[in-house]
Amino acid sequence: MKNSEQLYKALSERILILDGAMGTMLQRYKFEEEDYRGERFKDWEHPVKGNNDLLSLTQPEAIEEVHKKYLEAGADILETNTFSGTTIAMADYHMEELVYELNYESAKIARKVCDEFTAQNPDKPRFVAGSIGPTNRTASLSPDVNDPGYRAITFDELRIAYKQQSEALLDGGSDILLVETIFDTLNAKAALFAIDEISEERGIKIPIMVSGTITDASGRTLSGQTAEAFLISVSHLNLLSVGFNCALGANQLTPYLL
């Protein structure tokens, strides 16, 4: 990958700052249903308000503006607007067919902004992290309390969905893939497996960041792992970083950092 050398060089010289949340920034725009739809999806048969990933197609200027604000604030790495960019999550809006385009275009927006800022200050290169969210399904837990053995999704279904998303994020210009807000490590393993497949097929080294989420004061993920167990579960891969995001505030997360 063309920017990998720059990325590792920058990491050897200084701490790189990741941007912040996209969703809360977009809430400030107070977009309504018609804003989400835009002209292209004005006749879509299903509600789409809340589908923030869709805004990369219908309100790209807003996505670009949020990215620029983070870079102006000092961020080195931008996350793409693709938290729900899998066929699994997009099924809520009946937009599974748009998944490749959503991820590709989102990565292109972030790439464009990063390149503009890098051109202005070549000594501070900016990088794109393709955001891969957890989906709204869990491979480890049953959604039915009366049937603990039931699963709403299989490992292979997750792998296929994550692979499609990852390929589009890379094609759109992502330097890094960020498997984030992991509440179920088995889901994350499907994503990591998919990324490893792409790496082998394309003959490239893909920098991977992993970020889990502690769901309550017990210090465990939703699927029951402690921070240490989570780290061990994903350490078989040569990861760029492992961390936590979401759910608890910074003060509550601090005790669980290793």
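No experiment lies behind these values; they were computed from the predicted model shown.
- No donor-acceptor distance shorter than 3.5 angstrom exists from the side chain of Arg137 to the backbone of Ile153, with no hydrogens or angles considered.
- The shortest heavy-atom contact between Leu170 and Arg202 is CB-NH1, 3.9 Å.
- Residue Phe155 qualifies as enclosed at atom CZ: its count of foreign heavy atoms under 6.0 Å is above 12.
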Would you list the atom pairs, donor with acceptor, under 3.5 Å between side chains in residues 83-100 and any protein atom, with sequence neighbours excluded?
residue : atom : partner : partner atom : Å
Thr86   : OG1  : Ala89   : N            : 3.2
Asp92   : OD2  : Asn136  : ND2          : 3.0
Tyr100  : OH   : Asp171  : OD2          : 2.6

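- For the pair Glu197 and Arg159, the salt-bridge criterion is met [side-chain N within less than 4.0 Å of a carboxylate O].
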Salt bridge (Lys or Arg N to Asp or Glu O under 4.0 Å) between Arg40 and Glu101, worked out: CA-CA 14 Å; Arg40 178 176 171 183; Glu101 183 183 4; 2.8 Å; yes
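- No donor-acceptor distance shorter than 3.5 angstrom exists from the side chain of Tyr36 to the backbone of Phe41, with no hydrogens or angles considered.
- Between Asp53 and Leu102, the shortest heavy-atom contact is O-CD2, 3.4 Å.
- Atom CD of Glu167 sits about 12.5 Å away from atom OG of Ser174, to the nearest 0.5 Å.
- In summary, Glu116 and Lys112 engage in a salt bridge, as defined by a charged side-chain N under 4.0 Å from a carboxylate O.
- Among pairs with a residue in residues 185-195, those fulfilling side-chain hydrogen bond (donor to acceptor under 3.5 Å, both in side chains) read Thr185-Gln225, at least two apart in sequence or across chains.
- Asn103 places no side-chain N or O within donor-acceptor distance of the main-chain N or O of Ala168, the cut-off being under 3.5 Å.
- Under the 3.5 Å distance criterion, the side-chain polar atoms of Glu157 are matched with a main-chain donor or acceptor of Thr154.
- Grouping Ile, Leu, Val, Met, Phe, Trp and Tyr by side-chain contacts under 4.5 Å, direct or through others, puts Ile17 with Ile15.
- Side-chain atoms of Asn121 never come within 3.5 Å of backbone atoms of Thr118 as a donor-acceptor pair (strictly under, hydrogens ignored).
- No side-chain heavy atom of Tyr29 sits under 4.5 Å from any side-chain heavy atom of Gln59.
- When all heavy atoms are compared, the tightest approach of Tyr256 to Ala227 is O-CB, 3.5 Å.
- Under a 4.0 Å N-O distance rule, the pair Arg111/Asp175 qualifies as a salt bridge.
- Leu240 places a side-chain heavy atom less than 4.5 Å from the side chain of Leu7.
- The two residues Tyr162 and Thr135 make their nearest non-hydrogen contact at OH-CG2, 3.6 Å.
- Between Thr80 and Gly130, the shortest heavy-atom distance links the atoms OG1-CA, 3.4 Å.
- Between Asp216 and Arg220, no side-chain nitrogen of the basic residue sits less than 4.0 Å from a carboxylate oxygen of the acidic one, so the salt-bridge criterion is not met.
- Within the 3.5 Å criterion, the main-chain N or O of Ile195 finds no donor-acceptor partner in the side chain of Ser199.
- Here the shortest heavy-atom pairing between Ile198 and Ser166 reads CD1-CB, 3.5 Å.
- Not one N or O on the side chain of Ser211 forms a donor-acceptor pair closer than 3.5 Å with the backbone of Thr181.
- Under 3.5 Å, the side chains of Ser140 and Ser223 contain no donor-acceptor pair of N or O atoms.
- For the pair Lys42 and Glu39, the salt-bridge criterion is met [side-chain N within less than 4.0 Å of a carboxylate O].
- By the neighbour-count criterion of 12 heavy atoms within 6.0 Å, atom CD of Gln120 is densely surrounded, having more than that number from other residues, nucleotides or ligands.
- Under a 4.0 Å N-O distance rule, the pair Asp76/Arg14 qualifies as a salt bridge.
- Using a 4.5 Å heavy-atom cutoff, the side chains of Leu78 and Phe127 are not in contact.
- Judged purely by distance below 3.5 Å, without hydrogens or angles, the side chains of Asp147 and Ser142 never pair a donor atom with an acceptor atom.
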